[in-house]
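See structure below.
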Amino acid sequence: MKSRLTGAEHSFDKSKPYFLSFFSGALGLDVGIERAGFHGVLYCENDPTAQKTIRANRPGVPVLPDVLDCTAEGIRKLLSLSRRDEIPLIVGGPPCQAFSTAGKRQSFSDPRGNVFLKYIDLCLELKPRYFIVENVRGLLSAALQHRPQELRGRGHPKLKQSEMPGSALKLVLNKIRAAGYGVSYNLYNAANFGVPQIRERIIMVCSRDGSEAPFLEPTHSESEEHGLPVWRDLQSALKGLENCAHEHVNFPEKRLKYYRLLNGGENWRDLPAHLQKEAMGKSFFSGGGKTGFYRRLSWNDPAPTLVTHPAMPATDLCHPKEDRPLSVQEYLRIQQFPDDWIVCGKTTEKYRQIGNAVPAGLGHAVGSLVLKLLSGEQIKQIDGFKYSRYRNTSHAQTSVAQLEV
């Protein structure tokens with residue numbers, strides 16, 4: 001395939017650790033990796049508003065618009081890299097909607113799933129020392145082909161191998177391992193890495209030497225286990241923002257009247273009993289815990305996972321004290337961007353970009369691990385550490401059979 005990449009060649013200091021970034025978004029993962037000691041030399045992002053955000057914060061660094069137009073040859077030419085030049089690190093979080101447990105889970109039959117495989121192919125062509133795949137928990141159980149629930153069970157054919165849970169992950173792992181790379185992965189709660197937020201993401205570390213990389217090194221724990229400091233809370237994260245100009249959306253008045261009755265850490269279940277059904281409407285009779293409805297955050301805990309809009313009824317993110325959703329500035333703090341980070345677009349576009357980002361603390365853990373691997377430094381592992389809220393989420397805990405597709 002002939003490269004369609006255009007533009008002047010980009011020169012940089014190849015003697016220092018550097019990385020290439022794909023599906024870069026607002027650069028949350030990248031900011032953390034940079035803090036660990038790397039410098040980004042190329043970004044790829046197809047969202048025009050996020051492209052503006054990248055250029056505003058990293059002027060002069062190439063920003064490619066579409067991974068489907070990228071080739072290894074074109075990228076090497078753009079970065080003035082010969083075939084003898086080794087790329088230390090490539091990072092990317094392919095779109096997660098195809099694997100999300102909240103979506104239709106079309107996996108690789110979804111065009112976004114095809115972009116996932118394109119990213120893997122590109123990494124294998126470029127042959128970096130290490131490459132990272134970041135994704136949502138749903139990847140662990142996603143099938144190559146999704147069969148709707150109503151077509152399963154008694155009276156229907158058994159699931160084919162490609163319809164079995166985890167078959168999408170097996171395909172990815174087989175593809176990477178067949179190229180000689182070793183793969184390790186786990187589901188990580190960002191709160192264990194100094195992030196004031198409960199947010200869980202799969203981090204897959206792929207090693208060209210065929211080895212399985214150790215797990216990321218945690219810096220915090222839920223209750224000071226293993227001698228680590230306790231998770232960071234929301235109050236410590238937002239300190240100093242009390243008097244700044246907050247950019248935010250608003251709750252409608254019909255919902256604000258209920259928020260005014262709630263204290264920090266409470267939700268709709270803490271409303272007076274006679275108002276709960278009135279506030280919830282039809283949702284009152286639906287299943288599930290519904291803890292995101294009329295949710296006023298607690299100062300003393302990490303924030304829940306930031307979503308792409310803080311005022312959606314089922315995933316409300318209301319300030320602990322003020323009668324408003326979290327602001328753009330508070331989103332930036334919780335995701336650990338610099339306070340002066342420029343986010344382009346309308347207010348709702350800013351929320352979307354920041355909410356979709358990987359927290360910088362988790363990115364820092366990734367960058368620190370790879371730097372130690374590159375330099376041969378010892379990496380501390382903690383036996384029995386609880387990396388996430390779920391069990392059997394790592395390469396060491398699950399058996400991955402070969403899948404023929």
Side-chain angles (χ1 to χ4, degrees), residues 3-48 50-94 115 118-134 181 203-208 337-338 341-344 353 357-358 360 362-375:
S3 173
R4 286 184 274 175
L5 301 184
T6 59
E9 293 185 2
H10 176 61
S11 298
F12 59 93
D13 187 350
K14 300 180 182 67
S15 67
K16 297 180 180 179
Y18 65 90
F19 70 100
L20 283 57
S21 169
F22 294 86
F23 313 101
S24 306
L27 302 185
L29 177 65
D30 308 73
V31 165
I33 291 173
E34 289 172 355
R35 287 174 182 166
F38 284 89
H39 65 287
V41 299
L42 179 140
Y43 304 106
C44 183
E45 172 56 52
N46 71 349
D47 180 75
Q51 290 172 10
K52 292 178 182 177
T53 296
I54 295 170
R55 292 190 175 100
N57 293 282
R58 295 293 180 264
V61 180
V63 182
L64 305 180
D66 193 343
V67 68
L68 293 175
D69 289 337
C70 294
T71 65
E73 177 188 3
I75 288 173
R76 284 190 176 276
K77 182 177 180 181
L78 181 64
L79 297 179
S80 303
L81 293 172
S82 72
R83 291 189 176 275
R84 294 189 299 273
D85 288 320
E86 284 200 325
I87 299 171
L89 176 64
I90 298 177
V91 302
V115 173
K118 168 64 178 182
Y119 171 67
I120 299 297
D121 287 337
L122 190 60
C123 288
L124 296 178
E125 288 182 63
L126 287 166
K127 296 182 174 61
R129 292 278 301 278
Y130 297 93
F131 70 90
I132 304 297
V133 181
E134 175 272 328
Y181 275 77
I203 300 293
M204 187 181 296
V205 182
C206 306
S207 311
R208 197 182 63 196
F337 283 95
W341 196 254
I342 301 168
V343 186
C344 299
Q353 292 175 72
V358 176
L362 191 53
H364 184 271
V366 171
S368 297
L369 177 79
V370 175
L371 269 182
K372 288 186 177 182
L373 290 171
L374 288 168
S375 63

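- Within the model, atoms CD of Glu125 and OG1 of Thr71 stand 7.5 Å from one another, a figure rounded to the nearest 0.5 Å.
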>> Walk me through whether Val370 and Phe19 qualify under side-chain contact (heavy atoms from CB on, under 4.5 Å).
In response: CA-CA 11 Å; Val370 175; Phe19 70 100; over 6 Å; no
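- Taking each heavy atom of Val63 and Arg55 in turn, the nearest pair found is O-NH2, 3.5 Å.
- Scanning all heavy atoms of the two residues, the minimum distance from Leu42 to Val61 falls at N-CG1, 3.7 Å.
- A pairwise comparison of heavy atoms in Ser24 and Ile54 identifies CB-CD1, 3.9 Å as the closest pair.
- When side chains are defined from C-beta on, Phe38 does not count as touching Asp30, because their heavy atoms never get closer than 4.5 Å.
- Two residues are said to be in side-chain contact when any heavy atoms from C-beta on lie closer than 4.5 Å; Arg35 and Pro338 meet this criterion.
- For Val31 against Ala360, the heavy-atom pair with the smallest separation is CG1-CB, 4.1 Å.
- The side-chain contact (heavy atoms from CB on, under 4.5 Å) test with Val91 singles out one residue from Ile203, Ile33, Val133, and that residue is Ile33.
- Between Cys70 and Cys44, some side-chain heavy-atom pair lies under the 4.5 Å cut-off.
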> Between Ile90 and Leu122, is a side-chain contact (heavy atoms from CB on, under 4.5 Å) present by the stated rule, with each step listed?
Replying inline: CA-CA 10 Å; Ile90 298 177; Leu122 190 60; over 6 Å; no
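- Atom CD of Glu73 is separated from atom CG of Leu78 by 12.0 Å, given to the nearest 0.5 angstrom.
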>> For Phe131 and Leu124: C-alpha separation, side-chain torsions, deciding distance, then whether side-chain contact (heavy atoms from CB on, under 4.5 Å) applies.
In response: CA-CA 9 Å; Phe131 70 90; Leu124 296 178; 4.0 Å; yes
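- At distances below 3.5 Å, at least one donor-acceptor pair connects side-chain atoms of Arg76 with backbone N or O atoms of Leu126.
- Going from atom CZ of Phe12 over to atom CG of Leu81 covers 4.5 Å, rounded to the nearest 0.5 Å.
- Summarising the geometry, atom CD1 belonging to Ile87 is positioned 9.0 Å from atom SG belonging to Cys123; distances are rounded to the nearest 0.5 Å.
- Counting heavy atoms from C-beta outward, Leu362 and Leu29 have side chains that stay 4.5 Å or more apart.
- Among Lys127, Lys14, Arg208, the one residue that satisfies the side chain to side chain donor-acceptor pair (under 3.5 Å) test with Glu86 is Arg208.
- In terms of heavy atoms, Asp85 sits closest to Ser80 at OD2-O, 3.9 Å.
- Residues that satisfy the side-chain hydrogen bond (donor to acceptor under 3.5 Å, both in side chains) test with Asn46, not counting sequence neighbours, are absent from this structure.
- Partners of Glu34 by side-chain hydrogen bond (donor to acceptor under 3.5 Å, both in side chains), not counting sequence neighbours, listed by chain and number: Tyr43, Arg58.
- By the side-chain hydrogen bond (donor to acceptor under 3.5 Å, both in side chains) test, Gln353 is found to be paired with Thr53, residues two or more places apart in sequence or in another chain being considered.
- Heavy-atom contacts from other residues, nucleotides or ligands closer than 6.0 Å to NZ of Lys52 number 12 or fewer.
- Pairing each heavy atom of Tyr181 with each of Pro128, the nearest pair is OH-O, 2.6 Å.
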>> Please determine whether side-chain contact (heavy atoms from CB on, under 4.5 Å) holds for the pair Val115 and Phe23, giving the CA-CA distance in whole Å, both sets of side-chain angles, and the decisive distance to 0.1 Å.
In response: CA-CA 10 Å; Val115 173; Phe23 313 101; 3.0 Å; yes
